[in-house]
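Below is one structure, written out as structure tokens; comments come after it.
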Amino acid sequence: MWVAKQFLTSLPGLFRRTPHCSLPKFELRYLQCTCCWRSRVPVSDFDTLNASIVGSAPCNDGKTLDAYYTPEQKEVILKLLNNAPLPELSGVKLLRGRKSINIVEYRTKNGPFKTLESVVNVPLLKHKSAVVVFNSILNPVKKERKVKINLAKFIRPEVDRSWLEDAGSIVSIVCGTNKIAWAHVDRGMTVLDWQQKDCPNFLKGTYMASFYLTDVSTVVDHLPEADFYIIEKSSISVQNTSLFPIMAHMRTVEAMLFALLEVLNMMRTAVGRHFGLMVGESRTSGAQTVRKLMTESVTQKLPRINFPSELLVKHRNSFEMGSRRTGEELCDALLQAVAFYELLSESSG
């Protein structure tokens, strides 16, 4: 749609070259490193772009990885890789998910790693990613203590905290330009329902209340019962006249949902900041974050959120990169539910 195109063109550049690294021009969806000509790494997330590429990284010069580290550094790296349990390994940069599982499986089958070079025998760990892992072990990033969050900064109107903490489940609702999506999630961080419904009368000429009410009422009839219904609060400014039709549309749907349900607003920007999806004042797609959550649901013993197998199968292709996505509302509804519980927990911690 014209609004989406205008929004995308307004975003600042996500990729820029820095004066401290000799990277060639970025190719679409790929990052090529001059010092490791053998590998061509797909750009999968912002961590990949932000990973430091060290000038002394292993090149095609015949040397092994061990030649680039002191004996003391090798001892620290191997000690962690050989002894750290799965949760600790998952905290190392690039080892979240399948890579950490592969390390545990490899050392269980073959014994402890004796050299740094032997680490590249682990599936999914090649020279370039191994260097990032080693440097992350040697220079771990200290996690800053999170400041207690004010509920009013992400939940409106004000509601008694005890009511939110006692809620058994919530339904997170996100309105799009032609559909409404929702995610029903319980306190145990299990997805109970996750779907969307087309709304054919949205943004069809004049904002006819009767037409809008038909679509919104149909959605409400399909919503599961929950203690709270959380609606995404758009951050579109009234001063942006080019987006006024979209803002009017969002406010119309929001008003009808408020009339038909007992709902709360959750700020879209608060969810974006929680997941690191903000670029300036604009929020980028959370599709990659959702794919990661879905993967962790089946690869980790204690995932961030649990998905029933039927929902994983149903939505596994809804957030593919490089294709025209039809699941943005589904994605946002799920992230809003996860952020609700996690921000609530942080604000009371």
Side-chain angles (χ1 to χ4, degrees), residues 14-144 276 288 292 295-296 299-301 321:
L14 293 179
F15 307 102
R16 70 171 184 268
R17 296 177 62 184
T18 63
H20 301 295
C21 61
S22 55
L23 291 176
K25 293 182 179 179
F26 290 112
E27 299 179 29
L28 180 62
R29 301 283 307 284
Y30 286 92
L31 183 64
Q32 185 78 30
C33 178
T34 55
C35 68
C36 291
W37 59 272
R38 292 168 291 180
S39 56
R40 193 166 181 250
V41 181
V43 177
S44 59
D45 55 28
F46 291 119
D47 285 343
T48 304
L49 294 178
N50 292 332
S52 58
I53 300 177
V54 183
S56 61
C59 302
N60 189 33
D61 56 6
K63 295 183 180 179
T64 66
L65 285 168
D66 298 79
Y68 295 91
Y69 297 89
T70 66
E72 293 78 13
Q73 290 174 325
K74 287 192 289 185
E75 182 180 0
V76 172
I77 295 168
L78 292 175
K79 181 178 180 181
L80 186 139
L81 293 178
N82 286 326
N83 300 288
L86 190 59
E88 186 177 350
L89 284 173
S90 298
V92 177
K93 193 170 187 177
L94 294 190
L95 291 189
R96 203 178 262 267
R98 190 66 221 178
K99 289 188 181 73
S100 58
I101 296 174
N102 287 346
I103 287 177
V104 173
E105 291 178 348
Y106 185 89
R107 74 191 189 193
T108 300
K109 181 180 179 180
N110 301 284
F113 299 102
K114 293 182 172 58
T115 64
L116 299 184
E117 186 68 23
S118 65
V119 176
V120 300
N121 295 323
V122 176
L124 302 181
L125 269 176
K126 300 305 178 185
H127 286 81
K128 186 183 297 185
S129 54
V131 170
V132 176
V133 170
F134 297 163
N135 292 342
S136 179
I137 293 173
L138 294 173
N139 302 289
V141 177
K142 294 182 179 180
K143 294 184 177 180
E144 296 182 0
Q288 182 179 325
K292 185 176 180 181
T295 300
E296 290 176 353
T299 60
Q300 294 191 3
K301 293 182 179 179
M321 290 183 69

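Sequence positions, counted from 1, serve as the residue numbers for this chain.
In terms of heavy-atom proximity, H127 sits nearest to L65 at CD2-CG, 4.0 Å. In this structure, K126 and V120 approach most closely via the heavy-atom pair C-CG1, 4.0 Å.
With S129 contributing its side chain and L125 its backbone, the two residues share no donor-acceptor pair below 3.5 Å. A donor-acceptor contact shorter than 3.5 Å links the side chain of S100 to the backbone of L95.
In this structure, L86 and I103 have side chains that are not in contact, with every pair of non-hydrogen atoms separated by 4.5 Å or more. No side-chain heavy atom of L81 sits less than 4.5 Å from a side-chain heavy atom of R107. Side-chain contact check for L80 versus V92: some heavy-atom pair is nearer than 4.5 Å.
Residues meeting the side chain to side chain donor-acceptor pair (under 3.5 Å) test with S136, sequence neighbours left out: none. Checked against side-chain contact (heavy atoms from CB on, under 4.5 Å), T115 has the following partners two or more places apart in sequence or in another chain: D66, E117, S118. Evaluation of the side chain to side chain donor-acceptor pair (under 3.5 Å) rule for N102 yields R98 as partners, not counting sequence neighbours. Partners of V76 by side-chain contact (heavy atoms from CB on, under 4.5 Å), not counting sequence neighbours, listed by chain and number: I137, L138. By the side-chain contact (heavy atoms from CB on, under 4.5 Å) test, P85 is found to be paired with P87, E88, residues two or more places apart in sequence or in another chain being considered.
Pairs engaging residues 67-84 under the salt bridge (charged side-chain N to carboxylate O under 4.0 Å, His left out) rule: none recorded [sequence neighbours left out]. Residue pairs meeting the ring-ring contact (aromatic ring centres under 6.0 Å, His included) criterion with at least one partner in residues 81-113, sequence neighbours excluded, are Y106-F113.
Rounded to the nearest 0.5 angstrom, K292 NZ and T299 OG1 are separated by 10.5 Å.
Just one residue in the list L78, V131, V133 forms a side chain to side chain contact (heavy atoms under 4.5 Å, CB included) with L116, and that residue is L78.
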